[in-house]
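Here the structure comes first, spelled out in structure tokens, and everything after it is commentary.
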Amino acid sequence: MSLRIYNTLTRRKEEFRPLEEGKVRIYCCGPTVYDYFHIGNARTFVFFDVVRRYLEFKGYDVRYVQNITDIDDKIINRAHEMGISPKEVADRFTQAYLEDSRSLLIKPPTVNPKATEHIPDMIELIKRLIDKGAAYVVDGDVYFDVRSFPEYGKLSGRSLDDLLAGARVEVDERKRHPEDFALWKSAKPGEPWWESPWGRGRPGWHIECSVMAMKHLGETIDIHGGGIDLIFPHHENEIAQSETATGKPFARYWMHVAFLRAGGRRMGKSEGNFIFVRDALKRFKPEAIRLFLLSAHYRSPLDYTEERLAEAEGAVSRLRNCLLNLKRFGAEGKVKGELAEEERKLADALEELKGKFEEEMDDDFNTAGAIGAIFDFVSHANKFIAENQGRFTDNARALMREAYETLLKLTDVLGIYREERRSGDEELISKLIDLIVEIRHEARQRKDWATADKIRDRLAQLGIKLQDTREGTIWRFED
RNA sequence: GGCGACGUAGCCAAGGGGUAAGGCAGCGGCCUGCAAAGCCGCUAUCACCGGUUCGAGUCCGGUCGUCGCCUCCA
């Protein structure tokens with residue numbers, strides 16, 4: 001099966017062919033670290049995390065780069081507000097970004113390059129652009145001349161004339177054209193600066209990404225993406241700079257994630273309708289947040305409400321219950337001989353799941369469809385368990401084990417289920433709980449319901465949830 | 001003004017020419033010492049109008065509504 005990706009550049013779904021067989025290079029525009037990131041930002045980060053995981057699932061060797069913009073006007077402004085240095089602002093929120101990403105179960109990118117660690121490379125690239133006549137210096141600032149790049153507008157589908165007509169920007173008289181953008185900004189008093197051939201200053205935003213992408217992934221990358229708002233001007237400008245400098249296509253597939261909305265409007269810092277990931281995580285499991293963010297196709301807007309997150313929590317529980325049951329009732333072993341009819345059905349459902357999951361994900365990362373396939377199977381599995389509990393055959397147990405392992409793999413692509421890990425201490429705790437459950441079992445056999453209920457209630461208070469089934473009592477930590 | 005997205009059950013959402021996945025919620029039933037979980041059953045003609053077609057949420061045209069980009073923003 002082959003993966004198809006909607007390419008913003010061509011406005012079509014295209015078959016995905018990496019530049020180099022078996023390898024994929026992905027660049028996703030990361031945060032500007034002037035504040036914590038909110039779940040609208042997280043939509044993009046989680047989505048690209050899934051893109052990365054799915055490509056790895058398909059066997060690609062993935063190199064995934066997400067930058068950290070740690071020098072920018074917003075950081076400087078925030079520093080003034082907070083009464084600390086821009087570097088302190090950047091360091092603090094870089095740390096927070098790393099923590100929150102981890103909490104959201106985002107796999108660490110192969111590289112998380114920082115803009116400030118690539119200043120010399122940026123200066124080099126700017127020089128190249130000046131040498132090629134595509135950029136010019138004015139009073140210590142350097143601008144890119146958009147008219148020098150005939151294809152300017154190809155990503156966003158605009159012509160320079162369109163832009164001119166709709167321009168709401170105050171025109172800087174020093175620029176040759178209003179659309180020209182800064183590659184290098186001279187430092188005002190009190191601002192952070194680096195030495196450059198044009199005087200002290202700092203890089204413009206767009207050049208950062210071009211440089212970091214090329215530095216860590218090469219001059220042509222496979223997939224480049226970010227939020228839909230970055231199409232113009234950010235990515236348009238990246239293309240202009242990069243392709244002017246190298247003469248090669250900058251990125252082969254451009255992917256853009258639609259907005260998360262709240263209260264009918266785009267979730268954004270300036271709108272004041274956002275919720276930080278770290279705050280959401282205080283109330284909802286990361287799996288639930290991810291499930292919610294992946295519950296709609298990435299190119300469709302998604303509306304945020306707390307209720308939706310609570311619903312996702314319910315769905316995640318359903319999934320987890322099923323996984324735990326399959327794990328508990330499954331057993332090692334090869335399926336032998338003839339399968340009973342229900343077993344056949346379960347085996348078929350499992351095959352269907354595998355096929356459907358890939359089919360959906362191959363179709364431009366249709367995570368919502370993939371989730372549907374997973375839950376469709378959950379229903380089959382639950383039904384199988386309900387109907388056969390108390391009389392599982394060896395084949396049934398082997399099938400359930402297989403189903404468990406498959407489900408584990410697929411849910412891991414989306415990051416919506418985590419096996420509970422046990423530390424050494426927890427191993428001991430587990431054994432103690434097993435013992436208590438056994439004693440409760442004896443009480444139940446004596447019909448000593450008072451004792452049985454007391455044990456169950458008290459364990460529940462400790463966050464340990466018991467369920468009586470025909471196959472015995474199942475317990476789990478309720479986090 | 002230019003460019004674009006969206007409108008499918010109570011809520012969310014997949015599907016994108018052949019007769020409506022899935023989740024959440026609700027109601028009724030089953031299982032259970034009770035609980036929890038689960039199972040079974042019930043709940044949609046896809047914003048509206050017109051067209052193409054043997055056949056249209058699915059294609060075309062139009063209308064209405066919502067949102068976005070064009071300025072820092074994932």
Side-chain angles (χ1 to χ4, degrees), chain A residues 8 11 28-32 34-35 37-48 66 72-74 77 153 156-159 161-170 179 205 225-234 236 256-261 264-271 274 291-292 295-297 299-303 305 307-308 310-322 324-325 356 360 363 366-379 381-387 389 444 447-449 452-453 456-457 460 465-470 473-474 476:
Chain A
T8 307
R11 294 152 199 260
C28 170
C29 287
T32 298
Y34 70 103
D35 205 344
F37 68 90
H38 58 66
I39 66 173
N41 304 313
R43 185 179 191 195
T44 298
F45 300 166
V46 166
F47 175 69
F48 277 97
Q66 186 181 40
D72 177 85
D73 292 0
K74 279 203 291 280
N77 293 338
S156 53
R158 306 155 201 257
S159 67
D161 296 336
D162 294 340
L163 289 170
L164 210 53
R168 284 192 256 148
V169 206
E170 262 182 64
E179 310 82 9
W205 178 37
I228 196 168
D229 52 328
L230 298 186
I231 294 175
F232 189 90
H234 186 52
E236 196 72 73
H256 296 279
V257 181
F259 288 128
L260 184 69
R261 300 192 298 205
R265 295 188 320 273
R266 156 183 194 179
M267 181 177 282
K269 296 262 168 64
S270 49
E271 299 276 3
F274 59 87
L291 185 79
F292 161 66
S295 68
H297 186 89
R299 284 188 284 112
S300 300
L302 175 64
D303 285 290
T305 63
E307 290 71 38
R308 298 286 335 274
E311 281 175 17
E313 199 81 65
V316 164
S317 294
R318 178 174 168 81
L319 179 63
R320 188 183 44 190
N321 282 326
C322 181
L324 288 172
N325 282 143
K356 195 86 203 293
E360 296 288 2
D363 183 13
N366 189 348
T367 52
I371 290 168
I374 286 172
F375 278 96
D376 201 15
F377 179 77
V378 165
S379 291
N382 282 339
K383 187 173 176 177
F384 179 82
I385 291 168
E387 286 173 357
Q389 206 169 77
R444 293 182 72 216
K447 296 199 191 299
D448 178 2
W449 309 126
D453 290 351
R456 186 174 59 196
D457 291 347
K465 220 169 184 178
L466 263 50
Q467 268 182 48
D468 298 321
T469 77
R470 275 184 225 152
T473 299
I474 294 176
R476 67 164 189 267

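Reckoned from all heavy atoms, side chains included, excluding hydrogens, waters and symmetry mates. Quick caveat, the model's predicted, so the values are computed rather than measured. Each chain gets a letter, A, B and so on, in the order its sequence line appears, and its residues count up from 1.
- A donor and an acceptor atom sit less than 3.5 Å apart, one in the side chain of D468(A) and one in the base of C34(B).
- OP1 or OP2 of G38(B) has not a single side-chain nitrogen or oxygen of N325(A) nearer than 4.0 Å.
- The base of A74(B) does not come close enough to the side chain of R43(A) for any donor and acceptor atom to sit less than 3.5 Å apart.
- No hydrogens or angles were tested; on distance alone, a donor-acceptor pair under 3.5 Å links the side chain of D453(A) to the base of G33(B).
- G268(A) comes within 4.0 angstrom of nothing in the nucleic acid, heavy atoms only.
- A310(A) comes within contact range of no nucleotide atom at all, as no heavy-atom separation falls under 4.0 Å.
- In this structure, F259(A) reaches the bases: a heavy-atom distance under 4.0 Å links it to at least one base atom across the strands shown.
- Among the heavy atoms of the strands lying under 4.0 Å from G264(A) are primed sugar atoms or P, OP1, OP2 only; no base atom is included.
- One distance of note links CG of N382(A) with CG of N321(A); it measures 8.0 Å at 0.5 Å rounding.
- Evaluation of W449(A) against the base of G33(B) yields a stacking contact (centre distance < 5.5 Å, interplanar angle < 30°).
- S317(A) comes within 4.0 angstrom of nothing in the nucleic acid, heavy atoms only.
- Phosphate proximity of C3(B) to S159(A): absent, as no side-chain N or O sits under 4.0 Å from OP1 or OP2.
- At the heavy-atom level, L466(A) lies under 4.0 Å from base atoms of the strands shown.
- Comparing R261(A) and D363(A) against RNA chain B, the residue whose closest nucleotide sits nearer the 5' end is D363(A).
- Nucleotides C48(B) and G65(B) place their C1' atoms 10 Å apart, quoted to the nearest Å.
- Of the side-chain N and O atoms in N366(A), none sit less than 4.0 angstrom from OP1 or OP2 of A14(B).
- If you take atom P in C49(B) and the same atom in A56(B), they sit 14 Å apart, rounded to whole Å.
- For C34(B), the base has a donor-acceptor partner in the side chain of R456(A) [N/O atoms by modelled type, under 3.5 angstrom].
- Within the 4.0 angstrom heavy-atom criterion, base atoms lie near A368(A).
- Within the nucleic acid shown, H256(A) has no heavy atom closer than 4.0 Å to any nucleic acid atom.
- Listed here is the closest heavy atom pair of R43(A) and L260(A): NH1-N, 4.1 Å.
- When heavy atoms are screened at a 4.0 angstrom cut-off, L260(A) is found touching base atoms of the nucleic acid.
- Among the atoms of the strands shown, only primed sugar atoms or phosphate atoms (P, OP1, OP2) are found under 4.0 Å from some heavy atom of R470(A).
- Ranking A36(B), A13(B), C69(B) by closeness to the R266(A) side chain, first place goes to C69(B).
- Taking CD1 from I474(A) and CG from D468(A), the interatomic distance works out to 9.5 Å, rounded to the nearest 0.5 Å.
- For the pair K356(A) and F377(A), the NZ or CZ position fails the cation-pi test of under 6.0 Å to the six-membered ring centre and within 45 degrees of the ring normal.
- Side-chain atoms of R318(A) and base atoms of G23(B) include no donor and acceptor less than 3.5 Å apart.
- Nearest-nucleotide positions on RNA chain B for A296(A) and V378(A) put A296(A) closer to the 5' end.
- Using a 4.0 Å heavy-atom criterion, one finds that K383(A) contacts the sugar-phosphate atoms exclusively.
- A distance of 10.0 Å separates CD of E271(A) from NE2 of H38(A), quoted to the nearest 0.5 Å.
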